[in-house]
Number of protein chains: 2
Amino acid sequence: MRDPLLHYPGYVLRRASTAAMAELATRIVVLGLRTTEATILQIVAENPGISQSALGRMLDIQRANMTPIAARLEARGLMRRLPSDGRSLGLELTPEGQQLAEKAQAVVDAFETELTNRIPPEHRDHLMPALLALWPSTDG
Amino acid sequence: MRDPLLHYPGYVLRRASTAAMAELATRIVVLGLRTTEATILQIVAENPGISQSALGRMLDIQRANMTPIAARLEARGLMRRLPSDGRSLGLELTPEGQQLAEKAQAVVDAFETELTNRIPPEHRDHLMPALLALWPSTDG
DNA sequence: TGTCGACTGTTATGGGCCATAACATAATTT
DNA sequence: AAATTATGTTATGGCCCATAACAGTCGACA
């Protein structure tokens, strides 16, 4: 039984990503959040007033897909969407949103630290530059 | 506008994986295949007679999700599913499946090579060990 | 100032992959 | 022989991504 896929960086990248995301999802779901929602709370917490579009550009989420996510977070009382522009919606967290964002942040931080610690030290500092080189969307 | 996510290996891993998979998908779809199907053709080509379950274990695809994929490939005349065991189905490619598998293989190889070449040389050899360390499912 | 193009948000819709539960059947273990 | 395990199947849902079409707003520019 041969498995040549383990020599393919793209394939290993995919598998590593899927595994890591699944693990994070199980840790974050206990807060009642999806990983995407946790990320959004985090970004809005650090960038109050950011528009849906700008948020979407930062996270590579289409406007059309951002709408239901933001609406859901607002409906749960975690986020407010205030018209800033007539066409734009500025996002900011409610106190409950802030509180949940902090919990989510702690979970994510712990996870990312664990992830980093799994990498053998001699390879650790090379992962980020290598991944960023694979990722064309950084500059567009 | 702050974007602290770029310091998170898990997040960058996810983004890099998504981008890479999307790119591969656009290259493989012209063959009438999805990335998962291309992978399956490749594995079956190198492991004729492999059972659906064993294939699923290798690729981390649940039995329940493997069934429609394998059935689709069989319906397209690319693969045969021969009862080997009374309960198991042994998989093997048809001539058309072989031919398509070779084309898919060429596309994947080219893609993986390009991917590797994007990584700065000083980081190149560190990516695979780092990713494999993140990926717990290698041994279970 | 009025028009045209670009931007924003929304709705609708579909694709692709993953996960779980329940089931029937066959093999294996005890 | 009985109990457990393995395999394949069906059904169902979740999550994330993509595209098209639309209405409303802003900005650039003649």
Side-chain angles (χ1 to χ4, degrees), chain A residues 10-11 13-29 32-40 49-75 79-91 135 137, chain B residues 10-11 13-29 31-40 49-75 79-91 137:
Chain A
Y11 183 76
L13 175 66
R14 176 187 174 189
R15 293 288 301 272
S17 172
T18 301
M21 283 309 110
E23 185 175 351
L24 177 58
T26 65
R27 297 195 192 186
I28 214 78
V29 77
L33 292 173
R34 308 171 188 177
T35 55
T36 301
E37 292 173 334
T39 305
I40 288 177
I50 190 175
S51 75
Q52 277 189 199
S53 294
L55 177 61
R57 278 189 293 272
M58 193 178 281
L59 302 180
D60 247 337
I61 297 176
Q62 311 276 338
R63 292 197 314 280
N65 295 325
M66 185 62 77
T67 295
I69 302 175
R72 191 168 56 238
L73 291 174
E74 186 180 43
M79 203 167 69
R80 271 187 286 265
R81 297 194 287 171
L82 307 172
S84 66
D85 181 69
R87 59 181 170 178
S88 299
L89 292 179
L91 306 178
W135 175 15
S137 82
Chain B
Y11 183 75
L13 175 65
R14 175 187 174 188
R15 293 288 302 272
S17 172
T18 301
M21 284 309 109
E23 186 175 351
L24 178 58
T26 66
R27 298 195 191 187
I28 214 80
V29 77
L31 299 180
L33 292 173
R34 309 173 187 173
T35 55
T36 301
E37 292 173 334
T39 305
I40 288 177
I50 189 174
S51 74
Q52 276 190 197
S53 293
L55 177 61
R57 278 189 293 271
M58 194 179 279
L59 301 180
D60 247 339
I61 298 175
Q62 310 275 339
R63 291 197 317 277
N65 295 325
M66 186 63 78
T67 295
I69 302 175
R72 191 168 55 239
L73 292 175
E74 185 180 45
M79 203 167 69
R80 271 188 287 266
R81 297 194 287 171
L82 307 173
S84 67
D85 180 71
R87 61 181 171 179
S88 299
L89 291 180
L91 307 178
S137 82

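Throughout, a chain's letter reflects where its sequence line sits, starting with A, and its residues are numbered from 1.
- Contact annotation for B:Ser53: backbone-only contact, meaning every heavy-atom pair under 4.0 Å involves sugar-phosphate atoms and none involves a base.
- Among the atoms of the strands shown, only primed sugar atoms or phosphate atoms (P, OP1, OP2) are found under 4.0 Å from some heavy atom of A:Ser88.
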Give every pair of a protein N or O atom and an N or O atom of nucleotides 25-29 of chain C that lie under 3.5 Å apart, one pair per line with the distance.
from   : atom 1 : to      : atom 2 : distance (Å)
C:dA27 : OP1    : B:Asp85 : O      : 2.2

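- Summary of the strand contacts: B:Arg57 and B:Ala64 both lie near DNA chain D, and taking for each the nucleotide with the nearest heavy atom, the more 5' one is attributed to B:Arg57.
- Nearest heavy-atom pair, A:Leu33 versus A:Glu37, reported as atom, atom and distance to 0.1 Å: CA-OE1, 3.5 Å.
- Nucleotide C:dT10 holds its P atom 13 Å from the CG atom of A:Leu55, rounded to whole Å.
- Contact annotation: B:Gln62 does not reach the phosphate of C:dC18 (side-chain N/O to OP1 or OP2, under 4.0 Å).
- Close to C:dG9, at under 4.0 Å from its OP1 or OP2, lies no side-chain N or O of A:Thr67.
- Looking only at side-chain heavy atoms (C-beta outward), A:Leu89 and A:Leu82 stay at 4.5 Å or farther from each other.
- For B:Gln52, a side-chain nitrogen or oxygen approaches OP1 or OP2 of D:dT9 to under 4.0 Å.
- Using a 4.0 Å heavy-atom distance criterion, A:Arg63 is classed as a base contact.
- Here the side chain of B:Thr18 pairs a donor or acceptor atom with the backbone of B:Arg14 at under 3.5 angstrom.
- Checking B:Arg14 against B:Gly90, the closest nucleotide of DNA chain D that is more toward the 5' end is the one next to B:Gly90.
- Between the side chains of A:Gln52 and A:Arg63, no donor N or O sits under 3.5 Å from an acceptor N or O.
- Using a 4.0 Å cut-off, some side-chain N or O of A:Arg81 falls inside it from OP1 or OP2 of C:dT10.
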